[in-house]
Amino acid sequence: MNAVQSMNPLVQARDVHKSFDELEVLKGIDLDIMPGEVVVILGPSGSGKSTLLRCINHLEAINKGFIAVDGQQIGYRLRNGQLEKLSANGIARQRRNIGMVFQQFNLYPHMTVLQNIIEAPVGIHGESRQEATQNALKLLERVGLSEKAASYPRQLSGGQQQRVAIARALAIKPKLMLFDEPTSALDPELVGEVLATMRDLAKQGLTMIVVTHEIGFAREAADRVVFMDGGKIVEMGAPEDVIGNPQHPRTKAFLSRFL
Amino acid sequence: MSGLHLTSASPAGDAPFRDVATAHAPFRLGRLILWVAIVLVAVDFAWIVAHNENFGWPVVAAYFFNPTVISGLYVSLGLTVVAMALGTVLGLGLAIARMSKDRLATSFAALFIWFFRGTPLLVQLIFWYNLSTLFPQLSIAIPFGPTLASWDTNSVITPMTAAIVGLALNEAAYMAEIIRGGLLSVDRGQTETAEAFGMTRARALWRIIIPQAMRSIVPPTGNQLISMIKATSLVSVIAMADLLYSVQSIYNRTFEIIPMLLVAVIWYLLITSILNVGQSYIEAYYGRSDRRTGTAEKPVLAGAAVQEASH
C-alpha cells in the first residue's frame with residue numbers, strides 16, 4: 001500500500017518554534033513523516049510533544065518555522081507571493097482530512113454514538129446520511145462496539161468512549177490521524193482495548209502520529225519513535241534502536257522508569 | 001450475584017446477618033403533628049379567603065372570561081412571545097459578539113448590555129413611547145449624507161411598537177448574559193474537537209456548542225419568560241391594552257378593584273404554571289443524554305459504566 005502512494009512526505013515540519021507567553025515549548029523541531037508511517041512521540045511531561053501534535057493541525061499556531069500537511073501549509077496561504085494568515089473557515093477546510101483523537105475523548109455528549117460518528121461526514125464532507133450511517137456501522141464493528149450505536153457517550157466506559165472517538169475520526173477517511181495521549185485518561189484495565197484498536201489501524205497502513213506514554217505500543221506498532229525533551233527532538237529512529245538501545249542520556253533516564 | 005456479595009460482605013465473625021431489604025422507616029409522631037397543624041392553618045386560611053365578601057368571588061367569576069379581559073390577555077401573551085423571541089435572537093447575537101475576539105463587536109455588545117440593564121424598563125418604555133419628542137422624523141440616511149427614506153415618528157412608534165421595541169431590547173441585554181453564561185459552561189474541548197474536525201465556527205456553534213449550552217440556558221430563560229409576562233403589565237403606562245390595563249379599565253368603571261385585580265392575578269398564575277410545565281419538558285429534552293439507562297444496555301451495567309466514565 002505504501003508503494004502506491006507518493007513518496008513526498010505527508011507531514012513536513014521545519015524549524016518549528018512555539019511559545020506560550022514567555023515559555024518556549026518548542027525550540028526548533030524538524031520532522032518529516034511519510035505516507036503510511038506510524039510515528040510514536042515519547043517524552044516526559046512538558047517536553048512539548050502534545051503541543052507539537054496540536055501544531056500539526058493548527059489547533060495551536062506556531063511562532064516561527066513551517067508545517068505542511070499533504071503539501072499544504074497549515075493555517076496560511078500564498079497570495080501574490082506573500083504568506084497570508086487564513087481565516088478560521090479557511091483553516092477549517094484544511095483540517096478536513098486530518099483525524100484527531102483526544103486524551104479526554106471529547107465525544108459530543110448530546111449525540112448518540114452513531115450521531116457522533118456521522119456528524120462530520122454528513123455535515124462537512126457532504127456524504128448522504130444513509131451512506132455515512134452504513135460506514136459508521138462498519139467502523140463500529142471494527143472497533144467492536146456495534147451494539148452501542150444508539151447509546152449516549154455517558155453510558156459508555158472510558159475505553160468504549162475512546163474507541164468510538166477513534167471510529168469518529170476514521171469516519172472522515174483521514175489521510176493523517178493524530179492521537180493525543182489516547183490512553184492517559186483511562187483506567188489501566190481499559191488501556192488494552194484502545195491500544196489493540198490502534199495497533200489494528202497501524203497494520204492497515206494509516207498514517208498515524210501518536211503521542212503516548214505506552215512504551216509497549218511504541219515498540220510493537222511504531223515504524224519510528226521520536227523522543228522529545230525540553231522542546232527538542234533528542235533522539236529518533238526505529239523502535240528497536242531508540243527503545244532497545246537508547247543513545248542519549250535523557251532517553252535512557254526516561255526509559256529506565258518503564259523497565 | 002447478590003448472594004455472593006452478601007456472604008462476602010459480612011465482616012469477620014461479629015454482627016449477625018440482617019438483610020437491609022427487611023428494614024422499615026420508624027414512625028415519627030412529631031412529623032405527623034406538624035402536618036396536621038399546617039394543614040389546619042392552610043384550610044382555615046382558605047376558608048377565610050373564600051368567605052370574605054371583600055374578595056368579591058362572584059365578581060371574579062363574572063369577569064373572568066369578559067371579552068375585554070380576554071383581549072387584554074391576548075395582548076399580554078402576544079407581547080411576551082414577540083418580545084421574548086426578538087430578545088432571544090438579539091441576545092444570542094450579542095452573546096456571540098461579546099465572546100468574539102473582535103474588539104469592535106465586544107465593545108458594542110458590552111455597551112448595549114451596560115445601557116439596557118442599567119436603566120429601568122419602565123423608563124425605557126416611556127422613552128420609546130415619547131421618541132417623537134426627541135426625533136420627530138425617523139430616516140434612513142448615509143451618515144452626514146443624503147437621506148434615503150423618512151417617516152413621521154408618530155406613525156412608526158405606536159404603543160404597540162414602543163412596547164415591543166422596549167421589551168425586546170431590554171430582554172436582549174439580559175438574554176445575552178444568560179446565553180453567554182451557557183456558552184461558557186460548555187467544555188473547551190468541545191469547541192476544539194469541532195475545530196479539529198474542520199467545522200466552521202457557525203456550524204460548531206449551532207451543532208455542538210448551543211445544544212450543550214441549552215442545559216444551563218433553559219432554567220434562567222424560564223425565569224426571564226415569567227418576568228417578561230409580568231413586565232408586560234408595565235406597558236399599561238403607555239396606554240397599551242394588556243391584561244392589567246384591561247382590568248384597570250373595568251374597575252375604573254365599576255370600582256370593583258380587588259376582584260378585578262384577582263382576575264388578573266389568577267390569569268398570570270395560570271400562564272406561569274403552564275410555562276413551568278413546558279420548561280420541565282424542555283429541560284428533560286436537553287437532559288436526555290444524561291439519563292443513566294442506555295437504550296442498548298441493562299440499567300445496572302449502564303450505572304457501572306457511568307461511574308467508570310466519570311473520572
Side-chain angles (χ1 to χ4, degrees), chain A residues 54 57-60 87-113 115-116 119-121 123-125 145-161 165 168-169 171-172 174 178 180 185-187 189-190, chain B residues 96 99-102 182 185-218 282-311:
Chain A
R54 294 160 58 82
N57 65 352
H58 206 76
L59 281 181
E60 304 285 357
S87 68
N89 290 350
I91 299 168
R93 222 163 290 128
Q94 290 184 328
R95 288 190 185 119
R96 287 180 181 178
N97 295 316
I98 306 174
M100 188 160 190
V101 174
F102 298 85
Q103 183 175 356
Q104 301 295 338
F105 331 134
N106 293 2
L107 292 178
Y108 309 130
H110 59 300
M111 296 183 180
T112 64
V113 164
Q115 288 168 336
N116 260 280
E119 175 61 30
I124 302 168
H125 296 262
L145 291 170
S146 293
E147 76 283 15
K148 302 290 187 199
S151 299
Y152 283 99
R154 247 175 271 256
Q155 296 157 350
L156 306 180
S157 74
Q160 290 171 332
Q161 288 192 54
R168 176 178 67 171
I172 62 169
L178 307 175
D180 187 6
L186 295 175
D187 287 344
E189 73 268 29
L190 301 176
Chain B
I96 293 167
M99 289 173 75
S100 79
K101 291 190 189 103
D102 188 289
S185 75
V186 178
D187 179 22
R188 264 288 297 145
Q190 292 288 314
T191 316
E192 206 163 69
T193 308
E195 270 179 37
F197 274 85
M199 281 190 205
T200 59
R201 288 265 171 86
R203 191 179 169 83
L205 203 63
W206 188 246
R207 296 283 304 169
I208 308 300
I209 308 303
I210 290 178
Q212 293 181 57
M214 284 305 276
R215 302 205 53 199
S216 41
I217 291 175
V218 170
I282 294 174
E283 280 179 25
Y285 174 80
Y286 283 108
R288 68 197 184 283
S289 64
D290 243 8
R291 280 192 299 248
R292 296 199 153 202
T293 46
T295 36
E297 283 181 297
K298 292 187 183 76
V300 181
L301 286 175
V306 167
Q307 280 184 342
E308 267 173 58
S310 64
H311 41 70

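Below, chain A is the first sequence line, B the second, and so on; all start at residue 1.
Looking at Asn57(A), only its side chain comes within 4.5 Å of chain B, counting heavy atoms on both sides. Using a 4.5 Å cut-off between heavy atoms, Ile172(A) touches chain B through its side chain atoms alone. For Leu107(A), the part sitting under 4.5 Å from any heavy atom of chain B is the backbone (N, CA, C, O) and nothing else. Ala165(A) does not touch chain B: none of its heavy atoms, backbone or side chain, sits under 4.5 Å away.
In terms of heavy-atom proximity, Phe197(B) sits nearest to Ala120(A) at CD2-CB, 3.9 Å. Nearest heavy atom pair, residue Arg96(A) against residue Gly198(B), reads NE-O, 3.6 Å.
A heavy-atom distance below 4.5 Å is not found between the side chains of Met214(B) and His110(A). At a threshold of 4.5 Å between non-hydrogen side-chain atoms, the residues Phe102(A) and Glu192(B) count as touching. Side-chain contact between Gln190(B) and Pro109(A) is present, with at least one heavy-atom pair separated by less than 4.5 Å.
Taken from CD in Glu119(A) to CZ in Arg203(B), the straight-line distance is 4.5 Å, to the nearest 0.5 Å. Note that the OH atom of Tyr108(A) and the CD1 atom of Ile209(B) stand 9.0 Å from one another [nearest 0.5 Å].
Here Gln103(A) pairs with nothing under the side chain to side chain donor-acceptor pair (under 3.5 Å) rule; sequence neighbours left out. The side chain to side chain donor-acceptor pair (under 3.5 Å) check on Ser216(B) picks up Ser185(B), with sequence neighbours excluded.
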Would Thr193(B) and Arg168(A) count as a side chain to side chain contact (heavy atoms under 4.5 Å, CB included) here? Give the steps. CA-CA 11 Å; Thr193(B) 308; Arg168(A) 176 178 67 171; 3.3 Å; yes
Applying side chain to side chain contact (heavy atoms under 4.5 Å, CB included) to Ile208(B) and Met111(A), what does each step give before you reach the verdict? CA-CA 9 Å; Ile208(B) 308 300; Met111(A) 296 183 180; 3.9 Å; yes
